[in-house]
Amino acid sequence: MQGTKAIAVLGHGAIGSVVCERLLAGAVPGARLDCVVTRRAAGAAAPDVAVPVVTADEAIGRADVLVECAGHAALAAHGEAALTAGTDLVVSSAGALADGSLGERLRAAGPGRLFVTAGALGGLDVLTAAASAAPFTTIRLSTTKTPAALVQDWMDAAQKEELARADGPVVVFSGPAEEAAALFPRSMNVAATLTLALPGAPVEVELIADPAAARVTHVVTAAGPIGDYRFEVRNHPSPANPRTSRVVPYAVLQTLRGAL
Ligand SMILES: NC(=O)c1ccc[n+]([C@@H]2O[C@H](COP(=O)([O-])OP(=O)(O)OC[C@H]3O[C@@H](n4cnc5c(N)ncnc54)[C@H](O)[C@@H]3O)[C@@H](O)[C@H]2O)c1
């Protein structure tokens, strides 16, 4: 269709499936869902989406915009190829860009343009504005999730047991955002989003496991010469993936609107 951009969605999980569904419903004027990349073999029947399932390379060749909803490894595998081919790239996995070399490579690549969604977080507009006037003296992020959402493969049996048996909130990590991102990669897209939006400003992270946490809570506090800010976000988890907040696919679609 003339005047519309062809969109390829990479990953059809909790985020990607909602992005596809909303695109097919016409939620983003000027955007047409063209194809999806899943882990299924290209060309396989895709009962839950009415567009072709293709390989990542084919998607990059067909689409004007590739929307990554597949995780760090998929972004590392296909992001640069998309940008180099002139395909714009919308990134869900912001945490992957905090990995120095991949972040640098993607920012340097083109002619495709790189867009990173704010995802589960709000308030970045005023924080980036204040930081452009004068650096913040402190930025803190406190994230609360269920223990199950914070268990990591590297934890030993005793640590996993302690989390599983917690009957109240437990601080599982406190320290710099870079360290948090390395230890809790699937839970720290929000910390990475803050770090990317406010480059050079150290972000201190606290991660809390709370068995009573029905929602994913992020509290951002930032203080500096321009003002003091506090944002509290209380997201419902995605029904399909408790590690992901329900709002994220809608944030991705919002980023896509800005990218067209
Ligand atoms: N920015 C944010 O606030 C935020 C929040 C949550 C998640 N995320 C990111 O979004 C990613 C997706 O989240 P989700 O909840 O949809 O995860 P999910 O596990 O529900 O879905 C990911 C899907 O991608 C598929 N996939 C993985 N690698 C692939 C590849 N190479 N090619 C094709 N498909 C591939 C998987 O099979 C899966 O179906 C997460 O890994 C995370 O990095 C970002």
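Order of appearance sets the numbers: ligands from 1, and atoms from 1 within every ligand. Computed from heavy atoms alone, side chains included, the values below leave out hydrogens, waters and symmetry copies. This is a predicted model, so every value here is computed, not measured.
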Can you list everything that forms a side-chain hydrogen bond (donor to acceptor under 3.5 Å, both in side chains) with T255? Sequence neighbours excluded, please.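 T255: side-chain hydrogen bond (donor to acceptor under 3.5 Å, both in side chains) contacts with T117.
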Between side-chain atoms of residues 139-148 and protein atoms elsewhere (two or more places apart, or another chain), which donor-acceptor pairs fall under 3.5 Å?
residue	atom	partner	partner atom	Å
S142	OG	E206	OE1	3.2
T143	OG1	H218	ND1	2.9
K145	NZ	S187	OG	3.3
K145	NZ	R243	O	3.4
T146	OG1	A149	N	3.4

Is it the case that one hydrophobic cluster holds both L33 and V248, taking links as side-chain heavy atoms less than 4.5 Å apart, direct or via other members?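 Yes, L33 and V248 fall within the same hydrophobic cluster.
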Assess the side chains of T195 and E178: does a donor N or O sit below 3.5 Å from an acceptor N or O?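 No, because no side-chain N or O of T195 sits under 3.5 Å from a partner of the opposite role on E178.
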Under the side chain to side chain contact (heavy atoms under 4.5 Å, CB included) test against V51, which residue among I7, V36, D34 passes?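 Testing V51 for a side chain to side chain contact (heavy atoms under 4.5 Å, CB included) against I7, V36, D34 leaves exactly one candidate, V36.
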First-shell residues of ligand 1 [heavy atom, distance under 4.0 Å]: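 Under the 4.0 Å cut-off, ligand 1 touches L10, G11, H12, G13, A14, I15, V37, T38, R39, C69, A70, G71, H72, A74, S92, S93, G119, A120, N189, N241, T244, V248.
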Could you pull out every donor-acceptor pair under 3.5 Å between side chains of residues 158-171 and any protein atom, sequence neighbours left out?
residue	atom	partner	partner atom	Å
Q159	OE1	D156	N	3.0
E161	OE2	R165	NH1	3.4

